[in-house]
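Source: prediction; values computed, not measured.
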Amino acid sequence: MAIFIDYDLCTGCKRCEKICPYNGIEVKDGKAVVNERCTSCGVCIDNCPENAISSDIKEKEVPDFRDRKGIWVFAEQADGVMAKVTKELLGLGQSLAKDLNQELSAVLLGNNVGHLIEELQKYGAQRVYLAQHELLSVYQTNPYTKVISEIILHNKPSIFIIGATPIGRDLAPRISMRLNLGLTADCTELSIDQEDGLLLQTRPAFGGNLMATIKTAYSRPQMATVRPGVMESKKIGTSSNCEVIHVDSSLTKEDVVTRVLEFVGEKKKVVSLNDAKVIVAGGRGVGSEEGLKPLFELAEALGAEVAGTRIVIEEGWLPVERQVGQTGQTVRPELYVACGISGAIQHRAGMLGSRYVIAINKDERAPIFEAADWGIVGDLHEVVPTLTNAILNRKGK
Ligand SMILES: Cc1cc2nc3c(=O)[nH]c(=O)nc-3n(C[C@H](O)[C@H](O)[C@H](O)COP(=O)(O)OP(=O)(O)OC[C@H]3O[C@@H](n4cnc5c(N)ncnc54)[C@H](O)[C@@H]3O)c2cc1C
């Protein structure tokens with residue numbers, strides 16, 4: 001594949017040089033010249049005002065996908081208990097299904113997990129593909145990949161979404177590789193393009209500095225993993241029917257190349273910021289580990305969990321499981337109190353689902369105020385104890 005410059009048309013305007021993400025084209029002696037860094041991405045072709053740039057790259061033909069129908073959700077479970085993210089994905093699946101006027105299905109694998117069908121139905125599944133086998137009783141990469149790949153090949157869904165949990169992050173790329181499908185990992189938003197009906201898969205890109213929206217044009221199903229805690233689950237009641245399709249898999253012992261000997265639970269106390277109704281979060285503005293003390297006091301008065309920005313975790317002021325943000329946890333509390341947090345996009349990515357946000361910052365221009373319902377401009381070391389005292393006084397303590 002090569003990029004060609006028509007020197008009769010090129011005016012040396014440098015538009016291509018500025019727009020090339022790889023510095024693969026430069027203007028020398030008033031004309032554009034392609035260098036060894038060019039990846040033939042074609043950005044310069046689309047942006048040349050003189051139509052002086054062309055290539056021998058052929059437009060890929062989009063296959064006919066009219067027989068691909070349905071929105072599928074991977075119903076993650078462990079020990080017969082549904083993962084919370086499954087309900088969130090079904091909530092999201094309901095709106096995608098409505099937009100496309102297609103059915104919402106869940107894919108449930110395990111052993112003795114039939115009791116979960118009712119729960120899947122309550123959260124919106126109109127159909128459940130159920131594969132039960134003793135070799136599926138605990139999650140293992142190979143058998144799960146094989147069974148799900150077979151179900152996909154036989155039933156041809158249009159969209160398949162999986163939670164970006166440790167299991168989902170292991171499973172999704174394996175299915176994508178086996179079936180030669182595109183996959184967008186770690187999405188924070190999914191919606192339908194009203195023009196072409198394709199799935200718009202939005203995720204942070206370039207170190208979280210911008211949000212990229214990706215479409216899968218050339219393969220089906222369109223596959224994405226979605227971060228837990230980002231979507232809302234929506235119960236629909238039990239009135240609607242749910243069709244159950246029992247899947248006979250061709251699974252044999254040879255498909256299982258690893259053996260699970262035992263599960264060893266983490267000993268340390270697990271902080272579930274995901275379930276917290278109120279979170280008091282601290283940023284670099286707290287100044288030190290000692291500076292977090294007033295936040296813990298406010299949290300106790302509010303019955304809240306304490307969380308922090310990445311800086312606070314890197315400084316060792318809070319343990320890593322309390323980090324909120326793109327590389328930490330995604331939270332959706334009723335109330336998020338952000339103290340001494342600037343509001344960087346990577347932090348906001350983890351707390352934007354909060355119902356109400358109160359921001360306390362001494363800099364009135366701090367971006368966190370854009371995400372806040374109420375803002376207090378002031379020193380957190382004065383404001384936070386004042387808030388705590390006011391709450392305790394109200395409670396009569
Ligand atoms: C790939 C990548 C992933 C990342 N992931 C995450 C992530 O998951 N979570 C995360 O949080 N960050 C993440 N970051 C880091 C992020 O970009 C920011 O650097 C970080 O969120 C800033 O933390 P901060 O708000 O505590 O600190 P700062 O940006 O330094 O802000 C401190 C704020 O405190 C205010 N302040 C100072 N003193 C006081 C006081 N006495 N009273 C009141 N206000 C005061 C200041 O005005 C300032 O606004 C990531 C970055 C990258 C590149």
Chemist: Answer with yes or no after comparing the ring centroid distance for Tyr144 and Tyr139 against a 6.0 Å cut-off, counting only values under it.
Modeler: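 Ring centroids of Tyr144 and Tyr139 are less than 6.0 Å from each other.
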Chemist: Using atom types as modelled and distance alone, determine if a side-chain donor or acceptor of Lys156 lies under 3.5 Å from a backbone N or O of Lys69.
Modeler: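 Judged by distance alone, no pair lies under 3.5 Å.
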Chemist: Using a 3.5 Å distance criterion without hydrogens, assess whether the side chain of Asn47 forms a donor-acceptor pair with backbone atoms of Val43.
Modeler: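 Yes.
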Chemist: Determine whether Ile192 and Leu200 satisfy the following criterion, side-chain contact (heavy atoms from CB on, under 4.5 Å), listing intermediate values before the conclusion.
Modeler: CA-CA 6 Å; Ile192 302 296; Leu200 297 171; over 6 Å; no
Chemist: Supply the atom-to-atom distance Glu382 CD to Ile360 CD1, rounded to the nearest 0.5 angstrom.
Modeler: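 Interatomic distance, Glu382 CD to Ile360 CD1, rounded to 0.5 Å: 11.5 Å.
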Chemist: side-chain hydrogen bond (donor to acceptor under 3.5 Å, both in side chains) between Gln323 and Thr327: does it pass, once the steps are laid out?
Modeler: CA-CA 8 Å; Gln323 180 182 325; Thr327 43; 3.2 Å; yes
Chemist: Between the side chains of Asp196 and Lys215, is the shortest nitrogen-to-carboxylate-oxygen separation below 4.0 Å, so that they form an ion pair?
Modeler: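 Result for this pair is yes, salt bridge flagged.
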Chemist: Got a sec: does the CD of Glu300 have more than 12 other heavy atoms crowding it under 6.0 Å?
Modeler: no
Chemist: Where the side chain of Thr216 meets the backbone of Ser219, is there a donor-acceptor pair that is under 3.5 Å apart?
Modeler: no
Chemist: If I compare all heavy atoms of Gly168 with all of Ile162, which pair ends up nearest, and what's the gap?
Modeler: CA-CG2, 3.5 Å
Chemist: Report the distance from atom CD1 of Ile161 to atom CG of Leu92, rounding to the nearest 0.5 Å.
Modeler: 4.0 Å
Chemist: To the nearest 0.5 Å, what is the distance between CD on Glu314 and OG1 on Thr309?
Modeler: 8.5 Å
Chemist: Dump the intermediate steps for side-chain contact (heavy atoms from CB on, under 4.5 Å) on Leu136 and Asn111, then the final yes or no.
Modeler: CA-CA 6 Å; Leu136 296 172; Asn111 200 18; 5.7 Å; no
Chemist: Does any non-hydrogen side-chain atom of Asn361 lie less than 4.5 Å from one of Phe369?
Modeler: yes
Chemist: With salt bridge (charged side-chain N to carboxylate O under 4.0 Å, His left out) as the criterion, how do Glu103 and Arg127 come out once you've worked through the C-alpha distance, each side chain's angles and the decisive distance to 0.1 Å?
Modeler: CA-CA 8 Å; Glu103 267 189 355; Arg127 181 181 297 151; 2.7 Å; yes
Chemist: Heavy atoms, side chains only, cut-off 4.5 Å: are Arg15 and Cys44 in contact?
Modeler: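 They are not in contact (no side-chain heavy atoms under 4.5 Å apart), so the answer is no.
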Chemist: What heavy-atom pair brings Asp56 and Ala2 nearest, and what distance separates the two atoms?
Modeler: OD1-N, 2.8 Å
Chemist: State the CD1-OG distance between Ile71 and Ser105, to the nearest 0.5 angstrom.
Modeler: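 That separation rounds to 8.5 Å.
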Chemist: Would you check, one step at a time, whether the test salt bridge (charged side-chain N to carboxylate O under 4.0 Å, His left out) holds for Glu305 with Arg322?
Modeler: CA-CA 9 Å; Glu305 286 287 352; Arg322 290 189 185 264; 3.1 Å; yes
Chemist: Under 3.5 Å, side chain of Arg227 to main-chain N/O of Ala185, donor-acceptor pair present?
Modeler: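 It does not hold such a pair.
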Chemist: Mind checking whether Phe74 and Phe160 have parallel, tilted or perpendicular rings, split at 30° and 60°?
Modeler: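 Rings of Phe74 and Phe160: perpendicular, as their planes differ by over 60°.
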Chemist: Are Val278 and Pro333 close enough that some pair of their side-chain heavy atoms sits under 4.5 Å apart?
Modeler: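 Val278 vs Pro333: side chains apart.
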Chemist: State, without any angle test, whether Gln132 and Asn112 hold a side-chain donor-acceptor pair at a distance under 3.5 Å.
Modeler: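 No, Asn112 and Gln132 have no side-chain donor paired with an acceptor closer than 3.5 Å.
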Chemist: For atom CG of Asn180, is the number of surrounding heavy atoms from other residues, nucleotides or ligands below 6.0 Å larger than 12?
Modeler: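 For Asn180, atom CG is not crowded (no more than 12 foreign heavy atoms under 6.0 Å).
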Chemist: Using only atom types and a distance under 3.5 Å, with no angle test, would you say the side chain of Arg203 pairs donor to acceptor with the backbone of Met211?
Modeler: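 Side chain of Arg203 to backbone of Met211: no pair is present.
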Chemist: Could you pull out the closest heavy-atom pair between Ala32 and Cys16, with the gap in Å?
Modeler: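 Closest approach of Ala32 to Cys16: CB-SG, 3.9 Å.
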Chemist: In plain terms, say whether Arg355 and Glu334 are close enough for a salt bridge, that is, a side-chain N and a carboxylate O under 4.0 Å apart.
Modeler: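 Salt bridge between Arg355 and Glu334, a charged N being under 4.0 Å from a carboxylate O: yes.
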Chemist: Are the side chain of Gln94 and the backbone N or O of Tyr123 linked by a donor-acceptor pair below 3.5 Å?
Modeler: yes
Chemist: Find the distance between CG (Asp248) and NE2 (His133) and round it off to the nearest 0.5 Å.
Modeler: 9.5 Å
Chemist: Are any of the side-chain heavy atoms of Pro221 and Ile159 separated by less than 4.5 Å?
Modeler: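 No; the side chains remain at least 4.5 Å from each other.
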Chemist: Walk me through it: do Ile279 and Val337 pass the test side-chain contact (heavy atoms from CB on, under 4.5 Å)?
Modeler: CA-CA 6 Å; Ile279 291 177; Val337 189; over 6 Å; no
Chemist: Are any of the side-chain heavy atoms of Leu199 and Ile214 separated by less than 4.5 Å?
Modeler: no
Chemist: Centre of Tyr22's six-membered ring, under 6.0 Å away, within 45 degrees of the axis: is that where NZ or CZ of Arg37 sits?
Modeler: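 Geometry flag: not set, cation outside 6.0 Å or 45°.
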Chemist: Do Gln140 and Thr258 get their side chains close enough for a donor-acceptor pair, meaning under 3.5 Å?
Modeler: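 On atom types as modelled, these side chains qualify, holding a pair under 3.5 Å.
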Chemist: For Gln102 and Gly70, indicate whether the former's side chain and the latter's backbone hold a donor-acceptor pair under 3.5 Å.
Modeler: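 Side chain of Gln102 to backbone of Gly70: a pair is present.
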Chemist: Could you report the tightest heavy-atom contact between His347 and Val324, atom names first, then the distance?
Modeler: ND1-O, 3.2 Å
Chemist: Write down the atom of Ser149, the atom of Ile175, and the distance for their closest heavy-atom approach.
Modeler: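 That would be OG-CG2, 4.2 Å.
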Chemist: I'd like to know whether NZ of Lys31 has more than 12 heavy-atom contacts from other residues, nucleotides or ligands below 6.0 angstrom.
Modeler: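 Correct, the count exceeds 12.
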Chemist: Run Gln77 and Thr86 through side-chain hydrogen bond (donor to acceptor under 3.5 Å, both in side chains) and show every step you take.
Modeler: CA-CA 8 Å; Gln77 58 84 25; Thr86 304; over 6 Å; no
Chemist: Taking CD in Glu36 as the centre, count heavy atoms belonging to other residues, nucleotides or ligands within less than 6.0 Å. Is the count above 12?
Modeler: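 Buried by this count: over 12 neighbours within 6.0 Å.
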Chemist: Do Glu88 side-chain atoms and Gly229 backbone N/O form a donor-acceptor pair below 3.5 Å?
Modeler: yes
Chemist: To the closest 0.5 Å, what do you measure between CD1 (Ile358) and OG (Ser354)?
Modeler: 11.0 Å
Chemist: May I have the step-by-step check of side-chain contact (heavy atoms from CB on, under 4.5 Å) for Val113 and Leu130, ending in yes or no?
Modeler: CA-CA 9 Å; Val113 288; Leu130 174 65; 4.0 Å; yes
Chemist: I'd like to know if the side chain of Asp255 reaches the main chain of Thr252, judged simply by a donor and an acceptor atom lying under 3.5 Å from each other, with no hydrogens or angles considered.
Modeler: yes
Chemist: Check Glu315 with Arg284, please: is the shortest side-chain N to carboxylate O separation under 4.0 Å?
Modeler: no
Chemist: So, do Met351 and Ile368 sit near enough that their side-chain heavy atoms are less than 4.5 Å apart?
Modeler: yes
Chemist: I need the minimum non-hydrogen distance between Asp186 and Ala164, along with the two atoms involved.
Modeler: OD1-CB, 3.4 Å
Chemist: Heavy atoms, side chains only, cut-off 4.5 Å: are Ile313 and Pro319 in contact?
Modeler: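 Side-chain contact under 4.5 Å: no.
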Chemist: Is any side-chain heavy atom of Arg348 closer than 4.5 Å to a side-chain heavy atom of Pro367?
Modeler: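 Of all side-chain heavy-atom pairs linking Pro367 with Arg348, at least one is under 4.5 Å.
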Chemist: Checking the side chain of Glu76 only, and the main-chain atoms of Ala83 only, is there a donor and an acceptor separated by less than 3.5 Å?
Modeler: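 No, because the side chain of Glu76 does not come within donor-acceptor range (under 3.5 Å) of the backbone of Ala83.
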Chemist: Taking atom types as modelled and ignoring hydrogens, do the side chains of Asn142 and Arg174 form a donor-acceptor contact shorter than 3.5 angstrom?
Modeler: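 Per modelled atom types, Asn142 and Arg174 side chains form a pair under 3.5 Å.
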Chemist: Consider only side-chain heavy atoms of I, L, V, M, F, W and Y, link residues closer than 4.5 Å, and tell whether Val257 and Val138 are in one cluster.
Modeler: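 No.
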